[in-house]
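Report on one structure; see the data block that follows.
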Protein chains: 2
Amino acid sequence: MNFQEISRQLRKNGHKVTPQRMAIIQTVLGSTELLTPSSIFEKVKKTDPGVGEVTVYRTLNILESLGMVCVVHTDEKTHSYISCPTEHHDHLICSDCGKVVNFTHCDLGTLEKRLTAESGFNINDHRLDFYGRCEKCDRKQCKAKTPAEIRTHRESCH
Amino acid sequence: MNFQEISRQLRKNGHKVTPQRMAIIQTVLGSTELLTPSSIFEKVKKTDPGVGEVTVYRTLNILESLGMVCVVHTDEKTHSYISCPTEHHDHLICSDCGKVVNFTHCDLGTLEKRLTAESGFNINDHRLDFYGRCEKCDRKQCKAKTPAEIRTHRESCH
DNA sequence: GAGCTAATTGACAATAAGTTTCATTTACTA
DNA sequence: TAGTAAATGAAACTTATTGTCAATTAGCTC
Ligand SMILES: [Zn+2]
Ligand SMILES: [Zn+2]
Ligand SMILES: [Zn+2]
Ligand SMILES: [Zn+2]
């Protein structure tokens with residue numbers, strides 16, 4: 001998604017196009033990694049020092065309401081966000097570097113039917129996250145364990 | 001799981017068996033609903049007023065480390081917990097009343113192989129949550145929308 | 001292009017979940 | 001029935017996120 005399209009999406013939904021907002025959005029949508037509000041703030045600060053952290057939170061809420069990012073739950077105490085397609089999709093998440101691959105054909109129809117029959121639930125949605133190592137990290141056999149080690153590894157990875 | 005087995009599990013893992021701990025554990029393991037630390041605290045307080053909220057947090061951490069509960073991520077800002085089997089399982093969650101059904105045969109082998117081939121990921125785990133209405137709530141066609149309405153509905157439901 | 005207006009911004013304060021600290025109590029062991 | 005390490009509750013603390021508000025600004029109207 002380019003500058004033009006994003007601007008159009010924002011205006012269509014009653015949001016103004018501000019430089020702070022665009023800086024944050026370009027950073028988030030241009031990344032394939034899991035991002036936290038504070039990591040987004042740090043990234044954006046490098047090129048646009050005038051952007052406040054609160055604006056990051058506010059912009060993430062807009063992106064979420066437009067279905068352009070989704071929240072991924074990790075073991076961390078903060079929310080993580082990832083750029084994603086607006087249609088139904090699920091995730092493959094690299095537990096080493098935080099890379100996320102969105103995939104769109106989960107084919108859970110058979111399972112869903114079975115569970116409906118067994119449980120009586122009227123199912124209308126699901127969330128499926130796979131965890132593992134991306135190709136790059138799997139080759140490296142990274143041994144990072146502590147948060148600090150993981151941070152260093154991620155920086156060396158991207 | 002009864003009192004005896006729980007006590008044995010605790011001692012086996014180096015934890016003491018205290019009345020506060022047992023009160024909390026019986027409440028959590030005896031429920032099929034999603035519970036938050038604070039809802040557990042409220043429930044336990046009725047029968048055992050001497051139990052502190054911090055002990056609820058500490059006990060939940062123990063139960064999690066023993067694989068007897070798992071964390072379910074909801075839209076709420078607090079963690080929710082549900083009693084669960086120690087082997088691999090996934091969840092069916094009722095978005096009306098918070099009831100959770102654990103199921104143990106997800107059969108994601110084929111999908112996992114396909115994704116491994118397509119993405120190069122070395123997958124080692126996953127999390128699958130289905131959302132919908134349980135049989136009871138589906139019949140009731142509950143219209144609760146606000147947090148307060150949902151709370152009232154849940155109380156009437158159990 | 002100038003002016004209008006409501007949305008947006010950043011600084012700061014406020015909130016709330018969860019954790020840490022610590023003096024006191026208690027469960028297990030021998 | 002000691003002895004000892006673990007557990008407890010109260011209170012202080014930390015940290016992510018939200019609310020408030022005066023100043024600024026985007027986008028519309030002329
Ligand atoms: Zn990776
Ligand atoms: Zn899916
Ligand atoms: Zn229900
Ligand atoms: Zn599964």
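Keep in mind it's a predicted model, so treat the numbers as computed, not measured. Chain naming here is simple, since letters A, B, ... match the order of the sequence lines and numbering starts at 1 in each.
- Taking atom NZ of A:K45 as the reference point, atom C1' of C:dG10 lies 14 Å away to the nearest angstrom.
- Nearest nucleotide to the side chain of A:T78, out of D:dT17, D:dG19, C:dA6: D:dT17.
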CA sep, side-chain torsions, deciding dist, call: A:H88, A:H126, ring-ring contact (aromatic ring centres under 6.0 Å, His included)
CA-CA 10 Å; A:H88 174 77; A:H126 69 258; 4.6 Å; yes
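- Taking 4.0 angstrom as the limit, A:H79 places a side-chain polar atom (N or O) nearer than this to OP1 or OP2 of D:dT17.
- Using a 4.0 Å heavy-atom cutoff across all strands shown, B:R11 reaches sugar-phosphate atoms only and no base atom.
- Here the side chain of A:Y57 is nearest to one of D:dA6, D:dA10, D:dA16, namely D:dA16.
- Between B:H15 atom NE2 and C:dT26 atom C1' the separation is 17 Å, expressed in whole Å.
- Between the side chains of A:H105 and A:H89, no donor-acceptor pair of N or O atoms lies under 3.5 Å.
- Rounded to whole Å, the distance from CD on B:E53 to C1' on D:dA12 is 15 Å.
- Both B:K77 and B:Q20 lie close to DNA chain D; mapped to their nearest nucleotides by heavy-atom distance, the more 5′-ward contact belongs to B:Q20.
- Projected onto DNA chain C by closest heavy-atom contact, B:P19 and B:V54 fall at different nucleotides, the more 5' of which corresponds to B:V54.
- An OP1 or OP2 oxygen of D:dT8 is reached within less than 4.0 angstrom by a side-chain nitrogen or oxygen of B:T18.
- Here the side chain of A:S39 pairs no donor or acceptor atom with the backbone of A:L35 at under 3.5 angstrom.
- Using cut-offs of 30° and 60° for the angle between ring planes, the B:H73 and A:H73 rings count as parallel.
- Atoms CD1 (A:I62) and P (D:dA26) sit 15 Å apart, rounded to a whole Å.
- Rounded to an integer number of Å, the gap from CZ of A:R21 to P of C:dA7 is 11 Å.
- Taking atom CE on A:M22 and atom P on D:dG27, their separation rounds to 10 Å, with Å as the unit.
- Mapped onto DNA chain C by nearest heavy atom, B:K16 and B:N61 fall at different nucleotides, with B:N61 at the one closer to the 5' end.
- Taking the side chain of A:R58 as heavy atoms from C-beta on, and the options D:dT17, C:dG10, D:dG27, the nearest nucleotide is C:dG10.
- A salt bridge between A:R127 and B:D129 is absent, with no side-chain N of the basic residue lying under 4.0 Å from a carboxylate O of the acidic one.
- In this entry the distance linking CD of A:E76 with C1' of C:dG18 reads 15 Å, nearest Å.
- The nearest whole Å value for the distance from the CD1 atom in B:I6 to the P atom in C:dA27 is 17 Å.
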